[in-house]
Amino acid sequence: MNSPRRPASLAETINATLADLMEHDPRVVLLGEDIGRLGGVFRVTRGLQPRFGKDRVRDSLLAESTIIGQAVGMAMSGLVPICEIQFDGFAYVAANQLTTQAARIGHRWNGQITPSMVVRIPSGGGIRGVEHHSESNEGLFARAPGISVACPSTAQDADQILRYAVGSGSPVVIYEPIRLYWKRTQVQGAEPARTPTAARICRRGSDLTVATFGGAVPVVLQAARALSPQVDVEVVDLRWVAPLDTDLILESVARTGRLLIVHEAPKFAGMGAEVAATVAEDGFGTLKAPIRRLAPGRTQYPPADRENDYLISAEQITDEVLVMMK
Amino acid sequence: MTLAPDRRAEVPVVESSSGPGPADDTRRSLLRHMLMARGVDEEAIQLQKQGALDLWLSCQGQEAAQVGSALAVGSGTTIFPSYREHAVALTRGVPPDELLAQWAGRTFCGWDPQRHRFFPYTLVLAAQTLHAVGYSIGCRLQGLDSAAVVYVGDGATSEGDMSEAMNLAAVESAPVLFICQNNGWAISKPATEQMRTSVAARARGFGIESSLISGQDPEVVYADCLRAIRRVRTEKAPYLIEIRVSRIHGHSTSDAQELYRSRDDIDKARASDPVRAYADRLAGLGLVDSGWLDAVEADVRQTRKQLVKRYA
């Protein structure tokens, strides 16, 4: 049990939220590789199979298309499956069932059924993972109409997003940053999001907006603190990359006049491009400086020894902000 | 390169029924649905030629397999079709105009999937096999009737999802009847180049009981599917039936099968038309007379007229 002063980690919160959802809704079933007996490779589902039984916490076959394909069928039958894809790099194997099937069922059925299903994907680097274990492929599903994609960075956000997703009536993919699973940092003075699908201002500032999400959020906040009081940085945690809360982004940029986007996936055709295009189209008149993006180049995620060179550091962010403020 | 079939694991083809056969009413019902399906299919091809439909995937030559299986599994089982199961749809009560709607570009599914327990067509091959197994497991978890039937063609059996679905159904002991209509062609790729064993033999490798039957005689199909669905329900386990059928037309109205298929093979498929053969047989047995046939023909003509009115 957590002591009152010890904030719950992201992993513990997701575990507690899953348990609560299962407790209150018999339609919710969990499905994934090693999530039952083992409690998941990250132990996010620890203790749930003994509590809810093997029927509802299902150790799936080691086949990602099987996980999503059968979840589509289960959703058609009236259940609300919450799937886990063990690592981001295995999401590609499930991509056909997700994009050509799960995303389209509601439309294909002319709205007669609105199946809710959730796909949790532990993702991102900074954990010295082997090949395919550190990727950020949120952009892949963000561009698939019919799928919503969330990238929470805090335990509170993950809880809110998960609760929303199970009742949303369409598939939601949630990317969980692996390197934040066990962090216990209390979020100080954070403003709550306006709605479950909204972005959130996690640091108020007046000079420049940094839009970011997922595992990059704490790095951006660290850079913002380092820049204070020289530069007053506002940090927007997008929380969802599809659909994007463009209103909040435009409001923030209208106040600060400058926009930097930071993310962990490659810059090329990454989510930053969509955010930048939105502000260029609808907020150009509010800009005092060109929009900038900080993200890795169009290269594959490197072996662990070189991942610190690949990931965007707090120093790179402070340097970029200082250039933008000139 | 054409590899010789691997005969070590071969399953014998059942060509004729050993039992007493279906009741006379069922036999007439089989023929009536086959004649209607043929008429709707012919009209759809005409409508496509006139530009009223964008595409049509003919099921001509597969009516005995489709009507026989659809009548045998009954109206209570949920069906996950591929995209050529028009005779199954019509037998299930899907109105012909609703069946054609998606091929006229009006919708992705023209009928009410819940009402007919006949789910929308799935155009990405074999994707629906996993849905059927997941649906069956989902129904079982909720204490609902969990028997499901999923249709695939021979081409789709090469997809990974088909193998994954067979394995999942086997290890979960899911009551799913897999019906594979093997028409000998995956568009232009002949079955001999697609597989070394029959699909029925392959199913046994996954621990799924199976049979291999001729799709020429609807009574053979009906008898085997009836036996199989009963077995699926009582043993709560999957089963696979491979039905050998002939493809009379190309894969779709955009296909040109003359480019890759011999004249002789196409002629053979036309000559072995199961609809004509069954109509002749029932007439020969005195189970249907010219009055009965005329009444069905009038019904088919009326249906075709309505399709023309709606789409042409």
Side-chain angles (χ1 to χ4, degrees), chain A residues 22 25-31 33 52-83 92-117 145-146 171, chain B residues 78-81 83 98 101-102 106-150 159-172 174 176 206:
Chain A
M22 295 190 80
D25 188 347
R27 298 173 306 155
V28 174
V29 293
L30 308 190
L31 188 61
E33 296 163 7
F52 295 101
K54 287 184 173 177
D55 274 353
R56 294 186 69 197
V57 182
R58 306 177 70 82
D59 277 318
S60 73
L61 296 172
L62 267 65
E64 288 74 16
S65 192
T66 289
I67 295 172
I68 305 301
Q70 79 174 298
V72 168
M74 286 175 166
M76 286 174 176
S77 81
L79 294 177
V80 179
I82 302 179
C83 308
Y92 302 102
V93 190
N96 172 48
Q97 281 288 347
L98 259 169
T99 55
T100 74
Q101 303 304 315
R104 293 164 181 263
I105 294 298
H107 195 194
R108 193 180 294 155
W109 283 62
N110 297 308
Q112 192 183 71
I113 56 168
T114 50
S116 293
M117 61 180 280
Chain B
T78 302
I79 293 178
F80 291 75
Y83 49 71
E98 294 181 8
Q102 80 185 99
R106 301 192 180 178
T107 175
F108 292 141
C109 178
W111 60 88
D112 181 334
Q114 297 277 31
R115 190 168 147 232
H116 299 291
R117 312 292 325 150
F118 183 81
F119 283 6
Y121 280 161
T122 305
L123 276 62
V124 174
L125 294 183
Q128 78 279 11
T129 58
L130 284 168
H131 305 169
V133 181
Y135 182 87
S136 175
I137 296 168
C139 288
R140 183 172 68 198
L141 292 175
Q142 296 170 91
L144 306 169
D145 182 356
S146 54
V149 178
V150 59
E159 292 280 3
D161 278 0
M162 176 67 179
S163 294
E164 291 195 19
M166 285 198 284
N167 192 44
L168 180 67
V171 296
E172 290 280 353
V176 175
F206 286 96

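Letters A, B, ... mirror the listed sequences (proteins, then strands); counts begin at 1. Being a predicted model, the structure only gives us computed values, none of them experimental.
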### Query
Checking B/Ala127 against chain A: side chain, backbone, both or neither under 4.5 Å from a heavy atom?
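The answer is both parts of B/Ala127.
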### Message
Between B/Gln102 and chain A, with a heavy-atom cut-off of 4.5 Å, which part of the residue counts as in contact: side chain, backbone, both or neither?
### Response
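Answer is neither: B/Gln102 stays 4.5 Å or more from chain A.
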### Message
Taking every non-hydrogen pair under 4.5 Å, which of B/Tyr121, B/Phe108, B/Trp111 racks up the most with chain A?
### Response
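Heavy-atom pairs under 4.5 Å are most numerous for B/Phe108.
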### Task
Name the member of B/Asp112, B/Thr78, B/Thr129 that forms the most heavy-atom pairs with chain A at distances under 4.5 Å.
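That would be B/Asp112.
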Counting C-beta onward and ignoring hydrogens, is there a side-chain heavy-atom pair between [X] and [Y] closer than 4.5 Å?
X        : Y        : value
A/Trp109 : B/Cys109 : no
A/Leu61  : B/Glu164 : no
B/Asp161 : A/Asn96  : yes
A/Val72  : B/Leu130 : no
A/Gln97  : B/His131 : yes

Tell me, for [X] versus chain B, whether the close heavy atoms (under 4.5 Å) come from the side chain, the backbone, both or neither.
X        : result
A/Leu31  : neither
A/Asp55  : both
A/Thr100 : side chain
A/Leu79  : both

### Message
Can you tell me which of A/Pro26, A/Ala63, A/Gly69 forms the most heavy-atom pairs within a distance under 4.5 Å of chain B?
### Response
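Heavy-atom pair counts peak at A/Gly69.
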### Query
Take atom CZ in A/Arg56; do more than 12 heavy atoms of anything else shown fall under 6.0 Å from it?
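Above 12, so yes.
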### CZ/B/Arg115: more than 12 non-hydrogen atoms of other groups inside 6.0 Å
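Result for CZ/B/Arg115: open.
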### Query
Under 3.5 Å, side chain of B/Gln142 to main-chain N/O of A/Ser77, donor-acceptor pair present?
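It does hold such a pair.
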Rounded to the nearest 0.5 Å, what separates atom [atom1] in [X] from atom [atom2] in [Y]?
X        : Y        : atom1 : atom2 : answer
A/Arg58  : B/Ile137 : CZ    : CD1   : 5.5 Å
B/Leu123 : A/Gln101 : CG    : CD    : 9.5 Å
A/His107 : B/Thr107 : NE2   : OG1   : 7.5 Å

### With sequence neighbours excluded, residues passing side-chain contact (heavy atoms from CB on, under 4.5 Å) with A/Glu33
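By the side-chain contact (heavy atoms from CB on, under 4.5 Å) rule, A/Glu33 matches A/Ser60, A/Leu62, A/Glu64, A/Ile67, A/Gln86.
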